[in-house]
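See below for the structure under consideration.
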2 protein chains.
Amino acid sequence: MQIGEISDRSDISVRMLRYYEAKGLLRPHRTESGYRDYSPDDLEEARRIRQLANAGLTVEAMHDLLPCIISPEPTFHPCDRLRARLEAEIAKLDRKISDMERSRAQIAAYLEGLPCEGRRDSAILSSETA
Amino acid sequence: MQIGEISDRSDISVRMLRYYEAKGLLRPHRTESGYRDYSPDDLEEARRIRQLANAGLTVEAMHDLLPCIISPEPTFHPCDRLRARLEAEIAKLDRKISDMERSRAQIAAYLEGLPCEGRRDSAILSSETA
DNA sequence: CTGCACCCTGACAGCGCTGTTAAGGTCAAA
DNA sequence: TTTGACCTTAACAGCGCTGTCAGGGTGCAG
């Protein structure tokens with residue numbers, strides 16, 4: 001698959017796909033003429049990247065995290081450092097999640113009491129999935 | 001209180017406190033000589049700002065959200081627009097939270113199976129900052 | 001009055017991310 | 001062979017955020 005198709009199927013702009021590659025995530029091979037040629041696995045990885053990006057992770061964090069997520073078989077890697085890195089990243093995620101949930105609750109609570117349109121009938125704001 | 005103390009107590013740098021003010025969040029009054037003079041309420045607001053910032057919200061989003069969080073009495077405000085804005089922001093938060101939780105779970109799962117601390121060592125981490 | 005710690009504004013600079021544009025190559029279909 | 005869609009790299013540009021530095025004022029304590 002070439003980059004345009006990957007872009008469509010991963011919801012990542014062409015620009016960003018190239019950027020991620022420049023940063024060392026995602027390494028599609030190339031056709032003889034230099035076109036990027038993505039495998040289905042590459043597409044999977046692209047989607048994971050988007051997920052991590054949506055979660056607010058930096059490219060640098062993804063760089064450490066992706067090799068873990070991409071395959072279920074951990075290999076090589078200096079373990080102490082990696083483990084520490086992952087634990088740190090999880091801690092950061094937890095902090096962020098907690099902050100977001102608190103913020104969400106406050107906004108939702110406020111919304112609940114909003115003296116708006118005719119009345120508050122269907123207060124649909126306890127959705128949890130996306 | 002002056003800015004340095006607020007900075008200490010809110011964990012927001014002096015630079016960022018001024019930045020938030022420039023952006024229209026937080027409006028401490030000034031002493032005759034021009035010093036910012038923060039009230040305890042301002043400190044509270046600063047902490048909320050930090051929380052929202054930690055949650056990954058932009059200043060622009062905070063600008064819409066803060067007046068809701070800051071006081072329990074919603075007033076004025078073009079309600080339809082505000083309501084829509086808040087709901088959108090909540091949806092965005094939900095998406096982000098969901099992505100983060102999924103990412104967290106994957107990392108944690110990987111960490112679980114890490115063949116470490118008493119095991120093989122090997123290659124160097126390719127820390128390449130392209 | 002002198003120091004020193006703190007404050008002020010303004011500007012420059014850098015990072016991370018993202019879009020856009022320019023100049024040009026590839027490929028398949030007409 | 002020409003056309004048009006798609007690809008390539010490289011560079012510029014902008015936004016949001018954040019640190020830092022310069023040049024200067026304020027305020028309190030010695």
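Just so it is clear, the structure is predicted and the values come from calculations on it, not from any experiment. Here is how names work: the chains are called A, B, and so on, in the same order as the sequence lines, proteins then strands, and each is numbered from 1.
Regarding contacts with the backbone of C/dT9, a side-chain N or O of B/R30 is found under 4.0 angstrom from either OP1 or OP2. Close to D/dT8, at under 4.0 Å from its OP1 or OP2, lies a side-chain N or O of A/R18. Under 4.0 angstrom from either OP1 or OP2 of C/dC27 there lies at least one side-chain N or O belonging to A/S33. In this model, the phosphate group of D/dA5 is not approached by any side-chain N or O of A/Y35 to a distance below 4.0 Å at OP1 or OP2. Proximity of A/S13 to the phosphate of C/dG19: a side-chain N or O atom is located under 4.0 Å from OP1 or OP2. Residue A/T31 places none of its side-chain N or O atoms closer than 4.0 Å to OP1 or OP2 of C/dT26. For D/dT18, the OP1/OP2 oxygens have a side-chain nitrogen or oxygen of B/Y20 closer than 4.0 Å. At C/dC8, one or more side-chain N or O atoms of B/R36 fall inside 4.0 Å of OP1 or OP2 (strictly under the cut-off). Distances shorter than 4.0 Å separate some side-chain N or O of B/Q2 from OP1 or OP2 on C/dC7.
Minimum heavy-atom separation, A/Q2 to A/Y38: C-CD1, 4.2 Å. The shortest non-hydrogen separation linking A/S7 to A/I12 is OG-O, 2.7 Å. Residues B/D37 and B/P28 approach most closely at O-CB, 3.8 Å, considering heavy atoms.
Atom-to-atom, CD of A/E21 to P of D/dA10 comes out at 12 Å; the value is rounded to the nearest Å. If you take CG of B/L25 and P of D/dG16, they are 13 Å apart, rounded to a whole angstrom. A/R15 places its CZ atom 16 Å from the P atom of D/dC15, with the value rounded to the nearest Å. In this structure, A/E60 places its CD atom 8 Å from P of C/dG16, rounding to the nearest Å. Separating the CD atom of B/E32 from the P atom of C/dC7 is a distance of 19 Å, rounded to the nearest angstrom. Summarising the geometry, the separation between OH on B/Y19 and C1' on D/dC17 is reported as 6 Å, rounded to the nearest angstrom. Rounded to an integer number of Å, the gap from CG of A/D37 to C1' of C/dC27 is 14 Å. As rounded to whole Å, 12 Å separates atom P of D/dC17 from atom CD1 of B/I12.
Looking at the side chain of A/I3, the nearest of the listed nucleotides D/dT18, C/dC17, D/dC7 is D/dC7. Nearest nucleotide to the A/V59 side chain, out of C/dC6, C/dC17, D/dT18: C/dC17.
In this structure the side chain of B/L25 reaches within 4.5 angstrom of the side chain of B/V59, judged on heavy atoms.
Of the residues near DNA chain C, B/G34 and A/T58, the one whose nearest nucleotide (by heavy atom distance) lies more toward the 5' end is B/G34.
A donor-acceptor pair is defined here as one N or O able to donate and one able to accept, closer than 3.5 Å; such a pair exists between the side chain of A/R47 and the backbone of A/R9.
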